[in-house]
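Accompanying notes for the structure given below.
Just so it is clear, the model here is predicted, and its values are computed rather than measured.
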Amino acid sequence: MNELRWIDVLLVEDDPGDVLLTQEAFEANKVRNKLHIVNDGEQAMRFLRQEGEYEGSARPDLILLDLNLPRKDGREVLEEIKADPELRSIPVVVLTTSEAEEDIVRSYKLHANAYVSKPVDFDQFIRVVRQIDDFFVTVVKLPGNSHRGS
């Protein structure tokens, strides 16, 4: 039997309502994953690089990234993550309200692992989070946290 492991998930989201929805979706799904939350693109990069107040923070196994963020938008964050040899192997799921074709195309060109439009309905949102969780925890093999620099 395949033992389920839990993962560290970094949510990069500036909308308090969407943060709350994501937290509730994790709780409703009884998702055991550890959810870390930052509110803008600059915080996201400091968290990922374990700088300042994020020194010693967990390296996430998965990033849920909104595109429309203050200070440094999600597109810039995605580009920086995928250009950094230490970070590029972390899967990034763009989780955003934008359904614009240009955002979808650009996200994939910047090497997003998936692009998901946020449902406005809570039940659908829970289903989406469950599917992301199921896929990245039970289906996909993720690199371990000990592979830094490879």
Side-chain angles (χ1 to χ4, degrees), residues 5-26 29 31 33-121 124-150:
R5 69 183 193 99
W6 54 290
I7 63 173
D8 284 284
V9 178
L10 176 62
L11 173 64
V12 187
E13 174 60 69
D14 66 315
D15 183 306
D18 286 348
V19 168
L20 187 60
L21 268 181
T22 305
Q23 289 172 316
E24 288 179 8
F26 267 63
N29 288 347
V31 173
N33 299 334
K34 174 76 174 139
L35 185 64
H36 306 273
I37 301 162
V38 294
N39 305 113
D40 67 50
E42 287 181 5
Q43 284 181 344
M45 294 314 300
R46 284 198 312 273
F47 184 97
L48 291 167
R49 294 189 173 125
Q50 300 175 322
E51 297 171 346
E53 69 270 36
Y54 302 109
E55 187 177 339
S57 61
R59 183 176 195 263
D61 300 291
L62 175 65
I63 300 167
L64 302 179
L65 178 66
D66 187 22
L67 289 183
N68 302 310
L69 298 167
R71 299 173 78 191
K72 180 180 291 203
D73 87 357
R75 297 156 194 86
E76 294 172 282
V77 171
L78 179 59
E79 188 169 15
E80 247 181 271
I81 290 169
K82 296 303 181 177
D84 187 322
E86 295 248 342
L87 303 174
R88 74 170 56 127
S89 65
I90 302 171
V92 178
V93 174
V94 173
L95 185 59
T96 186
T97 53
S98 174
E99 293 186 24
E101 184 69 19
E102 65 196 55
D103 283 335
I104 297 167
V105 169
R106 183 163 179 212
S107 294
Y108 282 118
K109 281 185 177 177
L110 292 172
H111 306 288
N113 296 83
Y115 190 100
V116 179
S117 293
K118 289 181 200 168
V120 289
D121 174 79
Q124 288 179 338
F125 193 90
I126 286 178
R127 264 193 299 285
V128 165
V129 170
R130 181 181 296 132
Q131 289 169 341
I132 291 170
D133 177 63
D134 285 346
F135 185 69
F136 281 97
V137 175
T138 62
V139 177
V140 173
K141 295 287 185 210
L142 295 173
N145 276 332
S146 61
H147 77 290
R148 286 189 167 280
S150 52

How far does CG of L48 sit from CG of D84, to the nearest 0.5 angstrom? 8.5 Å

Reported CD1-to-CD1 distance for the pair I63 and I90, which is rounded to 0.5 angstrom: 4.5 Å

CD on E80 to NZ on K72, rounded to 0.5 Å: 3.5 Å

The criterion is side-chain hydrogen bond (donor to acceptor under 3.5 Å, both in side chains); which residues satisfy it with D73, sequence neighbours excluded? R75

Would you call Q131 and V116 a side-chain contact if the rule is heavy atoms closer than 4.5 Å? no

Could you check whether any side-chain heavy atom of Q43 comes within less than 4.5 Å of a side-chain heavy atom of Y54, counting everything from C-beta outward? yes

Name the residue from K34, H36, R59 that meets the side chain to side chain donor-acceptor pair (under 3.5 Å) definition with D8. H36

Counting distance only, does the side-chain N/O of Y115 pair as donor-acceptor with the main-chain N or O of D103 below 3.5 Å? no

On a heavy-atom basis, which atom in T96 and which in V94 lie closest, and how many Å separate them? CG2-CG1, 3.7 Å

Could you pull out the closest heavy-atom pair between V77 and G41, with the gap in Å? CG2-CA, 3.4 Å

Out of curiosity, D14 CG to N39 CG, how far, rounded to the nearest 0.5 Å? 7.5 Å

Between V12 and L65, is a side chain to side chain contact (heavy atoms under 4.5 Å, CB included) present by the stated rule, with each step listed? CA-CA 5 Å; V12 187; L65 178 66; 3.7 Å; yes

Separation of F135 CZ from L62 CG (nearest 0.5 Å): 10.5 Å

Could you walk me through whether L87 and M45 pass the side chain to side chain contact (heavy atoms under 4.5 Å, CB included) test, one step at a time? CA-CA 10 Å; L87 303 174; M45 294 314 300; 4.0 Å; yes

Do any N or O atoms from the side chain of Q50 and from the backbone of S57 form a donor-acceptor pair under 3.5 angstrom? yes

E53 meets the side-chain hydrogen bond (donor to acceptor under 3.5 Å, both in side chains) criterion, sequence neighbours left out, with R46

dist S89:OG -> K82:NZ (nearest 0.5 Å) comes out at 7.5 Å

Which atom of S117 lies closest to which atom of S98, heavy atoms considered: OG-O, 3.6 Å

Which one of E13, E99, Q124 satisfies the side chain to side chain contact (heavy atoms under 4.5 Å, CB included) criterion with K118? E13

